[in-house]
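Here is how names work: the chains are called A, B, and so on, in the same order as the sequence lines, proteins then strands, and each is numbered from 1.
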Amino acid sequence: MRIVFMGTPDFAVPSLEGLAEAGYQVVGVFSQPDRPVGRHHNKLQPTPVKARALSRGIPVYQPETLRDGTALAVLRELEPELIVVAAYGRFLPDEILNLPPKGCVNVHSSLLPKYRGAAPINWAILKGEAETGVTIMHMASELDAGDIILQRSTPISPEETAEMLYGRLAELGGKMILEAAAQIEAGTAARTPQDHTKATLAPMLSKEMSPVDWTRSAQEIFNQIRGLYPWPGASTDIISGEPIKIWGAQVVEKHTDAGPGAIIAASKQGIDVACGELQHVLRILELQPPGGKRMTAAAYLAGHPIQV
RNA sequence: CGCGGGGUAGAGCAAUUGGUAGCUCGUCGGGCUCAUAACCCGGAGGUUGCAGGUUCAAGUCCUGUCCCCGCAA
């Protein structure tokens, strides 16, 4: 089966790799244009999907837009029977969706219809979900709203960060797209419509989500730290007046009458901060001051004593 | 050549106008204690990222270079 693969970040790599390893003819790969990355020289960095495709000798296309007809012409020449999209980062216009005889399918990292959009993995953790998963679906014009082919769930462990979950779901997606591809080739792929009334959105993350609101519960703040890991991260200025990024923390059962955001203890164990409910505090274990490296709370306190 | 911050003891930080490189933690030894991530006493550990330059004198000023971090993506 001739397949065109569209994807950009690490998440999409196992899917591409799986399809290629399974012997499908991946005749072309679309990825986002290389973006300047790097502090000093603004070097262009190939996307993870591009790098993998090139190492396999697959032609790579990186159009700025899919809507000027160029991409459509390229696709017509590639003659894919199926287009597989995984975190490509762009909407596909209808003329592309309708091009491949077997359609376009998408690997999405949530249990659709929940968490449609750009950052489903992060939002599942931010919202304190106990489980999430991967959905393979036929693509529709509307964002992440297509009929479901396959769906599999996985529990989110209490300490898991978005980064860890990201890796797990990428692997899961890589396995599931193979199953789905086989079903599509055999003509047995399911088409289960989503319950659109239960749809929720998982919009792009932004730096504005970083500051911690200490009136929330310790668990909610912990979810924020895990869900925004490693980017944009959770931060607070209650320690030094400057925004310090919180890399690691834990919820500790400890009663306090101190107001939200008050530092009630600072020791080698960590920095305990009062939150919005009295029974628990958030213990900061690992942090990073502006301009500095990330370090343990104990190391930070060695150079920045806090009187409690 | 996009903007900015920073390299000082194992870790984290200080060091006025250039003038004996200090502090906290850790570490080692000893003491106290039923005990401890607690406390007390003592010790070790630095060519201040690297290379040049200015100076009687450079962690500090100048030039170059390597590396780290934040913004931006």
Side-chain angles (χ1 to χ4, degrees), chain A residues 6-13 30-54 60-66 86-91 109 117-123 161-163 166 170 202-212 224-225 227-254 256 263-273 281-308:
Chain A
M6 298 184 173
T8 299
D10 292 316
F11 178 81
V13 171
F30 279 62
S31 197
Q32 290 285 317
D34 296 346
R35 302 296 183 199
V37 163
R39 252 178 284 273
H40 299 296
H41 301 289
N42 275 357
K43 290 175 184 168
L44 290 181
Q45 178 167 307
T47 71
V49 164
K50 176 187 183 181
R52 185 56 61 95
L54 290 179
V60 174
Y61 307 90
Q62 299 177 281
E64 279 292 346
T65 175
L66 297 177
Y88 177 48
R90 220 154 263 193
F91 282 89
S109 51
I121 299 169
N122 302 276
W123 280 99
T161 65
E163 187 177 50
Y166 187 98
M204 263 197 308
L205 306 177
S206 82
K207 201 111 193 25
E208 291 165 16
M209 298 170 66
S210 291
V212 168
Q224 178 185 3
I225 293 165
L228 298 182
Y229 190 108
W231 189 90
S235 68
T236 184
D237 61 5
I238 62 164
I239 297 173
S240 69
E242 293 181 300
I244 286 180
K245 195 178 262 186
I246 305 172
W247 285 104
Q250 64 183 150
V251 177
V252 175
E253 196 169 330
K254 190 173 179 180
T256 177
I263 296 172
I264 61 174
S267 72
K268 271 172 278 193
Q269 297 178 337
I271 301 170
D272 291 352
V273 185
V281 301
L282 188 81
R283 175 167 293 170
I284 298 173
L285 302 175
E286 194 177 14
L287 47 72
Q288 179 175 24
K293 297 180 178 181
R294 54 190 290 181
M295 64 185 85
T296 63
Y300 178 83
L301 290 172
H304 308 80
I306 295 178
Q307 301 296 330
V308 178

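- Atom CG of A:Asp272 is separated from atom C1' of B:A37 by 13 Å (rounded to the nearest Å).
- Although no hydrogens or angles enter the test, the distance criterion places no donor-acceptor pair under 3.5 Å between the side chain of A:Ser210 and the main chain of A:Ala234.
- Nucleotides B:G59 and B:U20 place their C1' atoms 14 Å apart, quoted to the nearest Å.
- Whole-Å rounding puts the A:Gln269 CD to B:G26 P distance at 13 Å.
- Using atom C1' as the reference point in both B:C1 and B:U17, the two lie 36 Å apart (nearest Å).
- Taking atom C1' in both B:G22 and B:A14, one finds a spacing of 7 Å when rounded to whole Å.
- Residue A:Gln288 has a polar side-chain atom (N or O) positioned under 4.0 Å from OP1 or OP2 of B:G70.
- The nearest whole Å value for the distance from the CG atom in A:Asp34 to the P atom in B:A72 is 21 Å.
- When the C1' atom of B:U24 is taken as reference, atom CD1 of A:Ile306 falls 13 Å away, rounded to whole Å.
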Pair pattern of RNA chain B in dot-bracket, where unpaired bases get dots and | marks partners in another strand, Watson-Crick or G-U under 3.5 angstrom: .((((((..((((.....[..)))).(((((.......))))).....(((((..]....)))))))))))..

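- Remark: A:Arg35 engages A:Glu64 in a salt bridge (Lys or Arg N to Asp or Glu O under 4.0 Å) (not counting sequence neighbours).
- The side-chain contact (heavy atoms from CB on, under 4.5 Å) test with A:Ile246 singles out one residue from A:Ile284, A:Leu228, A:Ile271, and that residue is A:Ile284.
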Between the protein and nucleotides 7-14 of chain B, which nitrogen or oxygen pairs are less than 3.5 angstrom apart?
from, atom 1, to, atom 2, distance (Å)
B:G12, O4', A:Ala299, O, 3.4
B:G12, O2', A:Ala299, O, 2.9
B:G12, O2', A:Gly303, N, 3.4
B:G12, N2, A:Ala302, O, 2.8
B:C13, O2', A:Gly303, O, 3.2

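- The same atom, C1', is picked in B:G52 and in B:G42; the two are 42 Å apart, to the nearest Å.
- Following rounding to the nearest Å, A:Asp237 (CG) and B:G70 (C1') show an atom-to-atom distance of 16 Å.
- By the side chain to side chain contact (heavy atoms under 4.5 Å, CB included) test, A:Ala298 is found to be paired with A:Lys268, A:Thr296, residues two or more places apart in sequence or in another chain being considered.
- Using atom C1' as the reference point in both B:C66 and B:C50, the two lie 7 Å apart (nearest Å).
- Using atom C1' as the reference point in both B:C62 and B:C69, the two lie 25 Å apart (nearest Å).
- Nearer to the 5' terminus of RNA chain B, by closest-nucleotide assignment, is the contact made by A:Ala298 (compared with the other of A:Lys207 and A:Ala298).
- From A:Gln288, atom CD reaches atom OH of A:Tyr300 across 12.0 Å, with rounding to the nearest 0.5 Å.
- Between A:Ile244 atom CD1 and B:C69 atom P there is a gap of 18 Å when expressed in whole angstrom units.
- Rounding to whole angstrom units, CZ of residue A:Arg35 and P of B:A73 are separated by 11 Å.
- Residues passing the side chain to side chain contact (heavy atoms under 4.5 Å, CB included) test with A:Leu285, sequence neighbours excluded: A:Gln250, A:Arg283.
- Sorted by first then second residue, the side-chain hydrogen bond (donor to acceptor under 3.5 Å, both in side chains) pairs that include residues 233-245 of chain A, not counting sequence neighbours, are A:Trp214-A:Thr236.
- Among residues at least two apart or in separate chains, salt bridge (charged side-chain N to carboxylate O under 4.0 Å, His left out) pairs with a member in residues 289-300 of chain A are A:Glu286-A:Arg294.
- Straight-line distance from the NZ atom of A:Lys245 to the P atom of B:C71: 5 Å, rounded to whole Å.
- The side chain to side chain contact (heavy atoms under 4.5 Å, CB included) search around A:Pro305 returns none, not counting sequence neighbours.
- Across the P atoms, B:A38 and B:C25 are found 9 Å apart, a figure rounded to whole Å.
- Between B:C32 and B:C41, the distance separating the two C1' atoms is 11 Å to the nearest Å.
- Scored by the side chain to side chain contact (heavy atoms under 4.5 Å, CB included) test, A:Asp34 finds A:Leu44, A:Pro46, A:Thr47, A:Lys50, A:Gln62 as partners (sequence neighbours excluded).
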